[in-house]
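Below: one structure, written as structure tokens.
Order of the sequence lines sets the chain letters (A, B, ...), proteins ahead of strands, with each chain counted from 1.
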2 protein chains.
Amino acid sequence: MAEPNRSKDRLALSALGLFAERGFVGTSIRDIAKATGLSISNIYHHFGNKEGLLLAILKTASERLLHELQEASNQPGTPIERFKRLVQTHLQLSRGLRKEAKIFFLDEEHLSPEGYRANLKYQREILDLYREHLLALQEAGEVNFKSPTIAAFNILGVVNWHLRWYRPEGQMSFEETSREVTEFILHGISRVREP
Amino acid sequence: MAEPNRSKDRLALSALGLFAERGFVGTSIRDIAKATGLSISNIYHHFGNKEGLLLAILKTASERLLHELQEASNQPGTPIERFKRLVQTHLQLSRGLRKEAKIFFLDEEHLSPEGYRANLKYQREILDLYREHLLALQEAGEVNFKSPTIAAFNILGVVNWHLRWYRPEGQMSFEETSREVTEFILHGISRVREP
DNA sequence: TTCTAGATCGATCGATTGATCTAGTGTGAA
DNA sequence: TTCACACTAGATCAATCGATCGATCTAGAA
């Protein structure tokens with residue numbers, strides 16, 4: 001084996017692009033095979049079945065996202081500084097994981113029960129990371145929200161929605177939108193002081 | 001014709017449930033026909049093709065949502081009162097349009113170019129409604145955001161995400177989560193006054 | 001050199017897909 | 001009564017689906 005896992009990686013990469021573009025159900029295994037120049041059989045050999053290919057993609061992306069978010073937010077600083085770093089890193093990473101995120105949110109209903117559970121687990125880990133930070137902020141006082149869970153959902157909504165509407169080819173730069181989105185979130189969880 | 005549009009409505013209703021559950025591509029016209037007890041031909045007679053059925057569902061729901069949001073937010077009050085009413089009505093309506101909203105966001109990539117454009121138009125109308133209110137708030141002063149457009153996207157992210165994570169069978173009541181979500185949004189756009 | 005495991009191939013399977021065609025119904029206007 | 005038309009059913013179409021098959025190739029162990 002001169003190039004270990006070469007075919008496997010090529011298949012996963014092609015599938016990522018096609019799934020993101022046409023959806024899981026909208027992409028056939030023949031499309032994927034044709035895009036790589038390989039035969040259909042390779043998909044079954046390397047991933048078991050079509051869903052195995054999807055799950056492999058989601059697993060890789062999810063683990064990378066969670067790991068990098070943990071690393072970025074675990075650096076020293078005040079709770080608010082660490083939280084801000086978490087949000088900004090999340091926005092930044094999502095930008096690079098556009099396709100993976102699209103698959104993540106769009107194709108979950110086409111998964112088997114086991115696949116769905118695995119997918120849900122990844123989402124819950126991100127949610128829990130936010131909850132921990134929000135709990136720390138709550139204990140430090142000066143926050144608006146009552147429920148860290150709802151606040152975490154709200155933040156994920158804003159961050160993930162940014163992934164949906166932001167277009168690099170548009171007028172606004174990523175830095176500009178990222179700053180504005182972060183501000184919105186920080187104000188969203190902060191107590192407004194009456195003058 | 002004893003029951004005008006009876007079959008048409010039944011088809012649309014069955015399709016709504018199936019599309020929301022299994023997705024557009026994951027639902028066959030045979031599934032829809034079987035669910036209504038009618039034959040496949042009815043779908044083609046009433047809606048032209050499978051996509052026509054989907055577009056009819058989206059059109060009805062979108063027009064109703066936009067109309068009710070405009071009505072609710074056009075009632076008298078201060079800019080902030082009217083905006084708050086907009087958000088709360090949106091949350092309330094989304095609750096009743098769960099299935100339609102799911103289809104709306106999940107199946108847009110399976111549409112033809114014309115269908116995609118129509119879908120995009122509906123989304124833009126909602127966005128513009130928010131932008132108008134945010135612009136009024138900006139002119140009235142005391143807001144945090146620089147860009148009403150980004151602020152509108154952020155709000156839509158939070159509202160639409162609520163649709164995704166809220167489960168009626170869960171511990172938190174709709175009123176509870178709705179209040180918390182509205183608070184988050186109002187703080188998100190408000191200027192924080194330094195003490 | 002022989003044996004084995006993994007990788008890859010092309011052919012093919014039965015099932016299902018969206019769509020079309022033909023052949024009727026029933027109803028209301030002329 | 002006749003005619004036109006909206007509506008419906010059922011058979012059928014070509015295309016495509018995910019999956020599996022046996023065969024072949026290659027690299028390294030024994």
Gap between atoms [atom1] and [atom2], on [X] and [N] respectively (whole Å):
X: H110(B); N: dT17(C); atom1: NE2; atom2: P; answer: 15 Å
X: K50(B); N: dA19(C); atom1: NZ; atom2: P; answer: 8 Å
X: K34(B); N: dT16(C); atom1: NZ; atom2: C1'; answer: 12 Å
X: I32(B); N: dT17(C); atom1: CD1; atom2: P; answer: 11 Å
X: Y44(B); N: dG18(C); atom1: OH; atom2: P; answer: 7 Å
X: I43(A); N: dC9(C); atom1: CD1; atom2: P; answer: 11 Å
X: R6(A); N: dT26(D); atom1: CZ; atom2: P; answer: 18 Å
X: I40(A); N: dC17(D); atom1: CD1; atom2: C1'; answer: 10 Å

Does [X] use its side chain to pair, donor to acceptor, with the backbone of [Y] at less than 3.5 Å?
X: N42(A); Y: A33(A); value: no
X: T27(B); Y: L18(B); value: yes
X: R82(A); Y: S73(A); value: yes

* Asked: Between D128(B) and R131(B), is there a salt bridge with N-O shorter than 4.0 Å?
  -> yes
* Asked: Of all residues at least two apart in sequence or in a different chain, which pass the side-chain contact (heavy atoms from CB on, under 4.5 Å) check with K59(B)?
  -> E63(B), Y122(B)
* Side-chain donor/acceptor of S7(A) to base of dA7(C), under 3.5 Å -> no
* Asked: Between residues 22-31 of chain A and DNA chain D, which residues have a heavy-atom gap below 4.0 Å?
  -> T27(A), S28(A), I29(A), R30(A)
* To do: For residues 49-102 of chain A, pull every pair meeting ring pair (Phe, Tyr, Trp, His ring centres under 6.0 Å), keeping only residues two or more places apart or in separate chains.
  => H90(A)-Y130(A)
I want to check one thing: is the phosphate of [N], taken as OP1 and OP2, less than 4.0 Å away from some side-chain N or O of [X]?
X: N42(A); N: dC9(C); result: yes
X: H45(A); N: dT8(C); result: no
X: H46(B); N: dA6(D); result: no

* Structure fact -> Ranking G37(A) and N49(B) by the position along DNA chain C of their nearest nucleotide, the one closer to 5' is G37(A)
* Asked: Where the side chain of L38(A) is defined as all heavy atoms beyond and including C-beta, which of dG18(C), dC9(C), dA19(D) is the nearest nucleotide?
  -> dC9(C)
* To do: Going by the ring-ring contact (aromatic ring centres under 6.0 Å, His included) test, name the single residue among F153(B), W161(B), F105(B) that passes it with W161(A).
  => F105(B)
